[in-house]
Student: 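Take a look at this one; I'll ask things after.
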Amino acid sequence: MLVDIANLRVTFPTPRGPSAAVRGVSISLGAEKLGIVGESGSGKSLTARSILKLLPGNATLAADRLSFDGIDILAANERAMRAIRGKRAGLIMQDPKYSLNPVMTAGGQIAEAWRAHHKGSARQARDAAMDLLAQVQIRDPARVAQAYPHELSGGMGQRVMIAMMLAPDPELLIADEPTSALDATVQAEILRLMEDLVARRGMALILISHDLPLVSHFCDRVAVMYAGRIVEELRAGDLTRATHPYTRGLLDCLPALSHPQPRLKVLVRDAAWSA
Amino acid sequence: MRHRLKALAAAAASVPITLFGLVLVTFLIGRVMPIDPVIAIVGDHAPPDVMARVRLELGLDRPLLVQFGIYLNHLLHGDLGRSVMTSHSVVHDIKQFFPATLELAIVAIFVATVIGIPLGVLAATRQGSRIDTVVRVFCLAGQSVPIFLLGLLCLVIFYVKLGWAPGTGREDVIFAGTIPPVTGLLTIDTLLAGDWDAFHDALAHLAQPAGVLAYFSMAYITRMTRAFMLDALAGEYVITARAKGLSAARVVWRHAFGNISVRLVTVLALTFAGLLEGAVVTETVFSWPGIGQYLTVSLLNADMNAVLGATLVIGISYLLLNLLADAAYTLMDPRVR
């Protein structure tokens with residue numbers, strides 16, 4: 001088991017006492033593609049980032065079990081976490097405009113990721129960066145390596161981000177809404193690229209999204225989160241057999257070309273879901 | 001790169017225009033003020049014919065615009081006129097007084113930067129901790145305690161009570177006139193002369209006023225560094241850097257600090273400019289013979305040539321430092337296009 005989470009809780013202090021953002025999530029993951037779906041604030045990002053212990057400074061992390069390849073994350077110190085971050089598990093965020101360092105070149109940032117976990121000269125790191133840029137199908141790696149993030153398009157930026165996170169050869173890739181900030185046509189390209197790289201390297205993937213059909217198409221397994229809990233977990237192919245009213249409600253809200261409806265259904269929430 | 005240099009050239013080209021405006025305004029203020037420069041020279045009780053003659057000599061009977069033209073012409077030939085008070089040429093006076101201010105400002109900004117920036121970074125990385133609170137109170141005090149009070153307290157404690165520091169002024173009287181002026185910076189000139197006793201004396205005299213100014217500037221630099229760093233540390237690229245498995249030091253200094261260094265250069269340049277122009281109070285408290293004191297005394301004595309000259313020097317320093325800050329932005333920040 002690569003990732004094993006039991007009863008994960010993430011809480012934030014507020015003036016009116018602690019507020020729980022993740023309320024007892026249990027999930028495990030092997031070398032597979034897991035999709036986590038949910039609306040904003042459902043706790044899907046926090047759940048995934050708990051694996052890397054990259055939570056906001058004021059968050060409190062608790063769990064019955066939280067381990068990565070047998071390593072107890074809860075007990076691990078910063079030093080131990082640094083050996084996991086990047087090296088064994090990478091994180092791709094939503095918008096490369098913000099997640100890339102604006103004053104470092106793309107090549108420099110990739111080379112830095114490579115050098116953080118490989119022994120090698122600056123020259124070797126630069127060559128590795130070029131090679132990685134080619135792997136994420138950038139046509140002119142030499143030019144892009146010299147470019148600053150603001151000179152790249154969103155799709156290019158996200159390719160750079162992927163190259164950077166693949167540099168140390170991790171076993172797990174966490175993609176936190178990697179295509180939400182991109183144009184629809186570019187979204188497909190980036191997803192295909194990720195699918196290809198993950199398959200070729202035999203990596204595990206956690207794909208976080210609020211796009212249920214996309215995730216079910218792309219992943220082996222889907223977990224649906226609502227108000228800090230996993231309300232339903234199913235094989236991607238069984239999505240039509242979902243039983244939880246929230247999942248059903250989400251699916252019903254989607255327009256379908258085969259069954260046109262005069263009015264789209266609206267999701268009616270039940271307070272019992274978040275109890 | 002080419003259009004960056006072009007932008008920089010445009011900024012540089014605006015300097016003479018701003019300077020011209022500065023000269024014009026200062027000149028007009030000097031002439032419009034209800035102070036008779038003739039009386040400043042000959043005194044209240046001079047006979048009327050003497051007054052008339054001096055008025056004619058000074059060219060004060062001519063139209064204002066012509067007077068300005070003459071002043072400008074002299075200025076372009078490096079002549080700022082003669083000071084009534086010191087009876088030297090203003091250029092000579094400035095050469096005497098400005099290095100004293102420069103020396104004070106350089107030491108102050110150096111100390112303030114070396115302490116202030118790490119302190120600001122430290123406070124930002126430990127936001128909300130006890131260290132952060134201590135740093136913030138320390139800075140708040142530095143910014144809000146009036147500098148004359150701080151200066152006087154220093155003198156009372158370190159000079160009067162403890163006797164650790166020498167009194168006011170730049171050097172002890174026994175060294176006065178023994179050091180040949182080369183740079184005008186006493187600490188360097190004494191070193192050049194190889195006179196260790198004089199060097200120690202100059203350094204001891206410098207310590208208090210420079211310390212007071214450094215504390216004041218450091219408070220500002222620390223506050224700005226802390227605020228910039230908090231902003232940068234909240235950036236997503238910092239999470240990316242941590243997700244790459246980089247060390248905390250590298251995340252803080254390479255990634256977060258790397259993003260604010262250009263803005264800090266601007267803060268430092270403007271703080272330094274502020275020290276050059278705004279050390280008047282400190283110079284007065286410590287009887288430091290700098291440009292601020294020269295300007296104040298000249299103003300009180302209606303010595304308009306001296307006032308104009310000193311204002312110009314301060315204005316030019318300010319403009320040049322501003323230009324330097326612009327240059328830093330244009331050349332260092334890849335986003336400026």
Side-chain angles (χ1 to χ4, degrees), chain A residues 13 45 48-49 51-58 78-106 108-117 146-151 157 160-161 164-168 170 173-174 176 181, chain B residues 1-4 7 121-133 225-226 228-266 327-337:
Chain A
S45 290
R49 286 185 195 190
I51 301 167
L52 295 175
K53 250 191 185 168
L54 283 178
L55 299 175
N58 56 349
E78 268 299 296
R79 197 186 178 78
M81 285 316 297
R82 273 176 48 205
I84 296 175
R85 289 181 197 140
K87 173 97 187 114
R88 306 195 61 188
L91 171 69
I92 293 170
M93 282 179 287
Q94 185 169 343
D95 196 339
K97 236 196 333 270
Y98 303 112
S99 50
L100 290 172
N101 186 334
V103 298
M104 275 175 86
T105 60
Q109 297 187 52
I110 300 171
E112 186 190 38
W114 188 86
R115 271 195 109 175
H117 303 285
Q146 292 296 318
Y148 287 94
H150 71 276
E151 297 167 322
V160 169
M161 192 76 196
M164 188 158 79
M165 286 308 164
L166 293 181
L173 189 63
I174 300 171
D176 192 349
Chain B
M1 198 64 203
R2 199 191 290 119
H3 34 273
R4 289 203 214 182
V121 171
L122 182 77
T125 51
R126 303 214 179 6
Q127 192 194 5
S129 71
R130 201 165 297 168
I131 296 175
D132 185 29
T133 312
T225 308
R226 181 179 175 275
F228 289 166
M229 274 306 274
L230 284 180
D231 185 36
L233 286 170
E236 281 204 4
Y237 57 84
V238 169
I239 300 179
T240 305
R242 293 183 65 202
K244 281 154 91 169
L246 304 177
S247 68
R250 194 164 171 92
V251 171
V252 168
W253 287 103
R254 180 79 176 88
H255 286 268
F257 190 75
N259 267 275
I260 70 161
S261 51
V262 182
R263 280 197 280 171
L264 273 183
V265 170
T266 312
Y329 242 105
T330 331
L331 298 177
M332 285 165 66
D333 194 326
R335 286 164 296 186
V336 178
R337 281 287 137 112

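Values below: every heavy atom of this structure, side chains too, minus hydrogens, waters and symmetry copies. All chains are named by letter (A, B, ...) in the order of the sequence lines, taking the proteins before the strands, and each is independently numbered beginning at 1. The model shown is predicted, which means the values in this text are computed figures rather than measured ones.
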Student: Between A/Glu112 and A/Met164, is there a side-chain heavy-atom distance shorter than 4.5 Å?
Tutor: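 Side-chain contact under 4.5 Å: no.
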
Student: Compare all side-chain heavy atoms of B/His255 with those of A/Val103 and state whether any distance is below 4.5 angstrom.
Tutor: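 Answer no - side chains too far apart.
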
Student: Please identify, among A/Ala83, A/Pro56, A/Gly86, the residue contributing the most non-hydrogen atom pairs under 4.5 Å to chain B.
Tutor: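 The option with the most such pairs is A/Gly86.
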
Student: Under the side-chain hydrogen bond (donor to acceptor under 3.5 Å, both in side chains) test against B/Asp132, which residue among B/Arg126, B/Gln127, B/Arg226 passes?
Tutor: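 So the option named by the test is B/Arg226.
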
Student: Is the closest side-chain heavy-atom distance between A/Tyr148 and A/Met104 below 4.5 Å?
Tutor: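 No; the side chains remain at least 4.5 Å from each other.
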
Student: If you count heavy-atom pairs under 4.5 Å between each of B/Arg250, B/Glu236, B/Arg254 and chain A, which one has the most?
Tutor: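 The residue among B/Arg250, B/Glu236, B/Arg254 with the greatest pair count is B/Glu236.
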
Student: Contact part of A/Ala89 toward chain B, heavy-atom cut-off under 4.5 Å: side chain, backbone, both or neither?
Tutor: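 Contact with chain B involves the backbone of A/Ala89 alone.
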
Student: Checking B/Ser261 against chain A: side chain, backbone, both or neither under 4.5 Å from a heavy atom?
Tutor: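 Contact with chain A: none, neither part.
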
Student: In terms of heavy-atom pairs under 4.5 Å with chain B, which of A/Arg79, A/Met165, A/Met93, A/Arg85 leads?
Tutor: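 Most heavy-atom pairs within the cutoff with chain B belong to A/Arg85.
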
Student: Short question: side chain of B/Lys244, backbone of A/Gln109 - any donor-acceptor pair under 3.5 Å?
Tutor: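 Yes, B/Lys244 side chain to A/Gln109 backbone: donor-acceptor pair under 3.5 Å.
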
Student: Which of the residues B/Gly235, B/Gly258, B/Ser247 is involved in the greatest number of heavy-atom pairs with chain A at under 4.5 angstrom?
Tutor: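 Looking at each of B/Gly235, B/Gly258, B/Ser247 in turn, B/Ser247 comes out on top.
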
Student: Among A/Leu52, A/Leu91, A/Asn101, A/Leu100, which residue has the highest count of heavy-atom pairs closer than 4.5 Å to chain B?
Tutor: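 The residue among A/Leu52, A/Leu91, A/Asn101, A/Leu100 with the greatest pair count is A/Asn101.
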
Student: Are A/Ile110 and A/Val160 side-chain neighbours, meaning at least one heavy-atom pair lies under 4.5 Å?
Tutor: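 In short, these two side chains touch, coming nearer than 4.5 Å.
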
